[in-house]
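So the structure is just underneath, and the comments pick up after that.
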Amino acid sequence: MSEKTVRVRFAPSPTGPLHMGGVRTALYNYLFARKNGGTFIIRIEDTDQTRFVPGAQEYILDALNWCGITPDEGPGIGGEFGPYIQSERKELYRPYAEELVAKDLAYYAFDTPEELDAVRDQAKAMKMPNWQYNGVSRMNMKNSLTLPQDEVDQRIKQGDPYVIRMKMPRNKDVRFEDEIRGWVVVNTNNLDDKVLFKSDGMPTYHLANVVDDHLMQISHVIRGEEWLPSAPLHVLLYEAFDWNCPCFAHLPLLLRPDGNGKLSKRDGDRLGFPVFPTDWTTAEGELYSGYREKGYFPGAFINMLAFLGWNPGTSQEIFSLEELVQAFSLDRVGKAGAKFDAEKTKWFQQQYLRKTSDQELAKILSQKNIENCDLNKLEAIVSLMKERATFVEDILTEGAYLLQKPAEYDQKTTDKKWKNQASSLMEEWKKVLGGVQDFTPENIEAAFKNFLEQKELGIGAVLPLFRLLITGKGAGPSMFEIASFLGKQECIERMEEGVKVLGETHPVA
Ligand code: GLU
């Protein structure tokens with residue numbers, strides 16, 4: 001790795017919500033910057049006005065903020081290399097494109113979209129489907145290399161639309177060393193004369209990206225693999241301007257759970273998991289779900305993302321953001337596509353929930369303003385249900401019986417256990433329970449064990465019935481804890497009610 005000051009950027013285009021692959025790119029940039037004492041920048045690349053989606057920029061910044069991926073420089077934050085939104089830098093790109101024309105490394109092209117379509121159609125008819133504007137074809141087109149100089153001047157003067165194209169050299173090997181992929185070599189005969197500057201007065205992505213990376217003194221370009229094919233052009237642009245090229249690191253693709261193809265924005269809701277960090281509603285009102293609204297903790301989401309393409313080289317899986325910073329390095333990022341695993345994502349969430357203190361979780365739940373439930377009570381509920389929950393919400397749904405009497409009794413358990421002496425057995429146990437003085441879990445347990453001994457019964461003959469009457473369920477946390485939490489009076493009432501209901505619905509012969 002080079003010794004230079006680390007400055008990295010995440011450069012999303014506001015063409016829609018940020019896919020979780022984009023969040024991972026932002027995360028790796030952030031981790032790399034923090035690890036190396038560098039600077040993490042956000043730059044909005046909005047030069048393609050045709051693809052601009054209202055609200056996307058706000059969405060991206062908000063989503064990253066939720067994830068805790070906070071920039072040192074960027075829109076709304078500032079920094080000495082701003083503005084950080086390319087449309088606000090519009091004026092500065094043209095001179096760079098013109099500099100390349102002056103150096104004979106780029107040229108003006110006046111071909112209209114219709115003319116270009118006609119050439120493509122013609123080529124197709126001649127069984128050459130992949131026509132390109134390049135070193136061979138450019139001499140048959142309408143540009144400053146083929147038109148007389150005075151006509152070029154005249155056209156520009158009278159405001160004819162034009163673009164500026166890169167004059168791609170013929171048969172030159174472009175090489176660069178990618179931090180993840182090693183040496184990449186591409187021959188320019190495979191590259192076309194890319195448009196650098198458009199007729200609407202805006203630079204294309206390629207020009208703006210390279211100019212800004214240079215002006216913002218970016219040391220490492222860490223981005224998704226889909227940009228690898230653009231990298232040779234970028235390397236040539238750095239050469240053309242006589243600028244130092246940043247280091248490149250192209251991150252592996254995120255793949256569908258079955259490994260079959262790239263994880264796309266449609267996959268998520270189709271396969272039952274979000275692919276976006278937060279909810280996104282399209283202009284047409286279509287909702288794409290997000291991790292935040294599904295109840296994931298940002299730390300769990302980030303932890304999961306960090307492992308899609310990187311590993312720490314140890315067996316540790318749970319990392320805080322700070323621990324990720326310490327552990328992260330580009331040389332542990334793999335080349336192979338990373339398969340997304342929805343179950344593993346839930347597992348991360350579950351681990352994070354378990355790590356969160358009862359007090360903290362109770363505080364989150366207290367925002368729901370549950371009737372007759374103060375913070376102490378919520379904390380007790382959390383402590384009982386936490387191990388069985390994945391999301392904070394689950395604590396209340398799984399543990400609904402801690403707040404209200406069961407509305408129904410689990411069918412399977414009832415069918416299996418509510419037989420013969422069930423009713424009289426429960427009547428007896430209820431009496432014993434009523435005699436427990438200090439209603440602590442320990443005392444209830446001691447009374448229960450005593451009862452089993454006296455009746456010469458196994459735990460399986462009594463406990464499931466007790467649970468069924470109190471909670472309506474076939475499984476759950478310690479019944480002694482639950483009973484103590486509910487209190488003697490409530491337990492007695494529930495048992496009476498349960499015996500009555502089950503006696504009617506499940507009469508025993
Ligand atoms: N604007 C590009 C994008 O939307 C950035 C690519 C890059 O990082 O160079 O992903």
Side-chain angles (χ1 to χ4, degrees), residues 6-33 38-53 55-61 63-64 69 71 73-75 81 83-90 93 166 176 178-181 184 194-196 198 202-238 241 243 245-254 262-265 275-277 280 305 309 330 333:
V6 166
R7 285 179 59 81
V8 292
R9 85 304 192 272
F10 175 57
S13 296
T15 53
L18 186 60
H19 185 273
M20 68 170 141
V23 182
R24 188 199 56 178
T25 301
L27 175 67
Y28 284 12
N29 272 283
Y30 173 89
L31 298 176
F32 184 74
T39 303
F40 171 59
I41 297 152
I42 291 185
R43 181 175 74 223
I44 300 291
E45 300 205 319
D46 60 347
T47 55
D48 188 351
Q49 293 173 326
T50 59
R51 295 185 62 213
F52 180 80
V53 172
Q57 181 183 316
E58 293 72 13
Y59 174 95
I60 293 166
L61 298 178
L64 291 178
I69 304 174
E73 298 172 22
F81 298 86
Y84 294 91
I85 300 178
Q86 287 184 328
S87 58
E88 294 175 12
R89 304 165 66 80
K90 183 178 170 191
Y93 303 107
M166 176 82 173
F176 63 93
D178 188 277
E179 302 272 339
I180 295 165
R181 275 145 217 284
V184 177
K194 276 273 178 303
V195 174
L196 302 176
K198 296 177 286 183
M202 281 287 209
T204 56
Y205 152 72
H206 302 291
L207 181 70
N209 185 271
V210 165
V211 167
D212 283 347
D213 280 349
H214 172 70
L215 294 179
M216 295 182 180
Q217 296 177 12
I218 298 304
S219 61
H220 296 75
V221 168
I222 305 171
R223 61 185 172 191
E225 184 180 298
E226 63 273 27
W227 299 101
L228 190 60
S230 300
L233 169 66
H234 297 178
V235 170
L236 285 172
L237 281 169
Y238 285 103
F241 286 116
W243 294 337
C245 197
C247 298
F248 287 104
H250 287 91
L251 306 175
L253 291 176
L254 289 197
K262 216 173 124 172
L263 187 65
S264 80
K265 68 175 187 184
V275 294
F276 295 112
W280 168 260
L305 274 183
L330 282 178
V333 176

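In this chain, numbering begins with 1 at the start of the sequence shown. Order of listing sets the numbers, starting from 1, for every ligand and every atom in it.
Residue Arg223 holds the heavy atom nearest to atom 9 (O) of ligand 1 of all those in His19, His206, Arg223.
Counting heavy atoms closer than 4.0 Å to ligand 1, residue Tyr205 contributes side-chain atoms (C-beta onward) but none from N, CA, C or O.
Looking at Ala11 next to ligand 1, an N or O pair under 3.5 Å apart turns up.
The distance from atom CD1 of Ile85 to atom CD1 of Ile42, rounded to the nearest 0.5 Å, is 11.0 Å. The distance from the CG atom of Leu207 to the NZ atom of Lys194 is 13.5 Å, given to the nearest 0.5 Å. Interatomic distance, CD1 of Ile41 versus CG of Asn29, reported as 9.5 Å (0.5 Å rounding).
Remark: distances from the non-hydrogen atoms of Arg9 to ligand 1 include one below 4.0 Å.
Contact atoms of ligand 1 toward Asn209: 7 (C), 9 (O) (distance under 4.0 Å to a heavy atom of the residue). Counting the atoms of ligand 1 from 1 in the order shown, those under 4.0 Å from a heavy atom of Glu45 are 1 (N), 2 (C), 5 (C).
Because its NZ or CZ atom is not both nearer than 6.0 Å to the ring centre of Phe81 and within 45° of the ring axis, Arg9 does not count as a cation-pi partner of that residue.
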Does the pair Phe176 and Tyr238 meet the rule for a side-chain contact (heavy atoms from CB on, under 4.5 Å), with working shown? CA-CA 12 Å; Phe176 63 93; Tyr238 285 103; over 6 Å; no

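Using a 30° and 60° split on the angle between ring planes, His19 and Phe276 fall in the perpendicular class, above 60°.
Atom 4 (O) of ligand 1 has its closest protein heavy atom at Ser13 OG, 3.2 Å.
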